[in-house]
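If you're wondering where the values come from, they're calculated on a predicted model, not measured in any experiment.
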Amino acid sequence: MKLAIGCDHAGYDYKQAIVDYLVRNGHEVYDKGTHSPDSVDYPDFVHPVANELISGKVDRAIVICGSGNGVAMTINKYAGIRCGLCWNPELVRLTRQHNNANALALPARFVDIEEAVEMVKLFMSTEFEGGRHKRRIDKIDQSSEPLC
């Protein structure tokens with residue numbers, strides 16, 4: 001599978017561990033940075049990740065910052081991206097099974113690196129259930145016209 005990954009300074013060590021895991025397991029990873037632990041602005045790294053995902057160059061994306069909120073808010077601005085902010089395995093399973101998340105946001109200040117890698121494993125292996133959830137997913141993206 002092809003993935004894009006990006007983070008800010010809080011997620012730098014996490015990104016490195018996740019990239020190592022993904023590459024060791026045969027995935028193709030597009031690392032959009034940051035490439036050091038120096039303080040940076042997370043949108044500068046999330047937008048390139050989002051562009052890879054919406055262009056179809058990658059199948060899924062992972063974004064990481066201290067709380068996970070900033071990266072999740074940024075990537076979810078893009079139509080067609082469904083990013084779940086997850087801090088435990090059950091949330092990862094549900095965001096894939098019920099929401100068909102194609103992006104995962106991780107909060108580096110609230111999970112340890114080993115937990116983050118375990119959540120990435122689940123994100124990669126859990127399938128979307130479809131069915132009633134597909135109907136709901138189809139209602140997420142908004143056009144410029146009001147739906148209600």
What one should report as the nearest heavy-atom pair of Pro107 and Cys86 is CD-O, 3.1 Å
Nearest heavy-atom approach of Gly68 to Leu85 is CA-CD1, 3.6 Å
Quiz prompt | Steps toward side-chain contact (heavy atoms from CB on, under 4.5 Å) verdict (Lys15, Leu106) | solution = CA-CA 10 Å; Lys15 179 180 64 81; Leu106 295 170; over 6 Å; no
Output for pair (His9 NE2, Asp41 CG), nearest 0.5 Å, gives 8.5 Å
Same apolar cluster (I L V M F W Y, side chains within < 4.5 Å links), Ile64/Leu91: yes
Rounded to the nearest 0.5 angstrom, the CD-CZ distance for Glu115 and Phe110 is 12.5 Å
> Would Tyr42 and Leu53 show up in the same hydrophobic cluster when neighbours are defined by side-chain heavy atoms closer than 4.5 Å?
Replying inline: yes
Tightest non-hydrogen contact, residues Cys65 and Ala10, listed as C-CB, 4.2 Å
Practice task
Please check if the side chain of Tyr14 supplies one atom and the backbone of Ala108 the other of a donor-acceptor pair under 3.5 Å.
Solution key: yes
Check your understanding: Do Val46 and Leu22 share a hydrophobic cluster (ILVMFWY, side-chain heavy atoms under 4.5 Å, transitive)?
Key -> no
One should read off an interatomic distance between Glu90 CD and Gln97 CD, to the nearest 0.5 angstrom, of 7.5 Å
Here the gap from Phe128 atom CZ to Asn100 atom CG, rounded to the nearest 0.5 Å, amounts to 4.5 Å
Separation between CD1 (Ile18) and CZ (Phe123), nearest 0.5 Å, reads 10.5 Å
Practice item. Without swapping roles, check the side chain of Thr95 against the backbone of Val92 for a donor-acceptor pair under 3.5 Å. Key: no
Quiz item: Would you say Lys121 has more than 12 foreign heavy atoms packed within less than 6.0 Å of its NZ?
Solution: yes
dist Ile5:CD1 -> Ile62:CD1 (nearest 0.5 Å) comes out at 4.5 Å
- Item | Any donor-acceptor pair under 3.5 Å from Arg96 side chain to Leu122 backbone | no
All heavy atoms of Gly6 vs all of Val49, minimum pair found to be N-CG2, 3.5 Å
Of all heavy-atom pairs linking Asp59 and Met1, the shortest is OD2-CG, 3.3 Å
Looking only at heavy atoms, the pair that brings Arg82 and Asn102 closest together is N-OD1, 2.8 Å
task: Check the side chains of His47 and Tyr78 for a donor-acceptor pair under 3.5 angstrom, ignoring hydrogens and angles.
output: yes
Indicate if Ile81 and Tyr30 have the same hydrophobic cluster label, given that clusters are the connected sets of ILVMFWY residues with side-chain heavy-atom separations under 4.5 angstrom. yes
Same apolar cluster (I L V M F W Y, side chains within < 4.5 Å links), Val40/Val19
no
- Stepwise side-chain contact (heavy atoms from CB on, under 4.5 Å) test for Asp8 and Val71: CA-CA 9 Å; Asp8 70 359; Val71 293; 5.8 Å; no
Margin query: Does Arg136 form a side-chain contact (heavy atoms from CB on, under 4.5 Å) with Arg132? I'd like the steps, not just the answer.
Written below: CA-CA 7 Å; Arg136 296 166 185 158; Arg132 69 185 189 279; 3.6 Å; yes
| Can you check whether Ala4's main-chain N or O pairs, donor with acceptor, with Lys32's side chain at less than 3.5 Å? | no
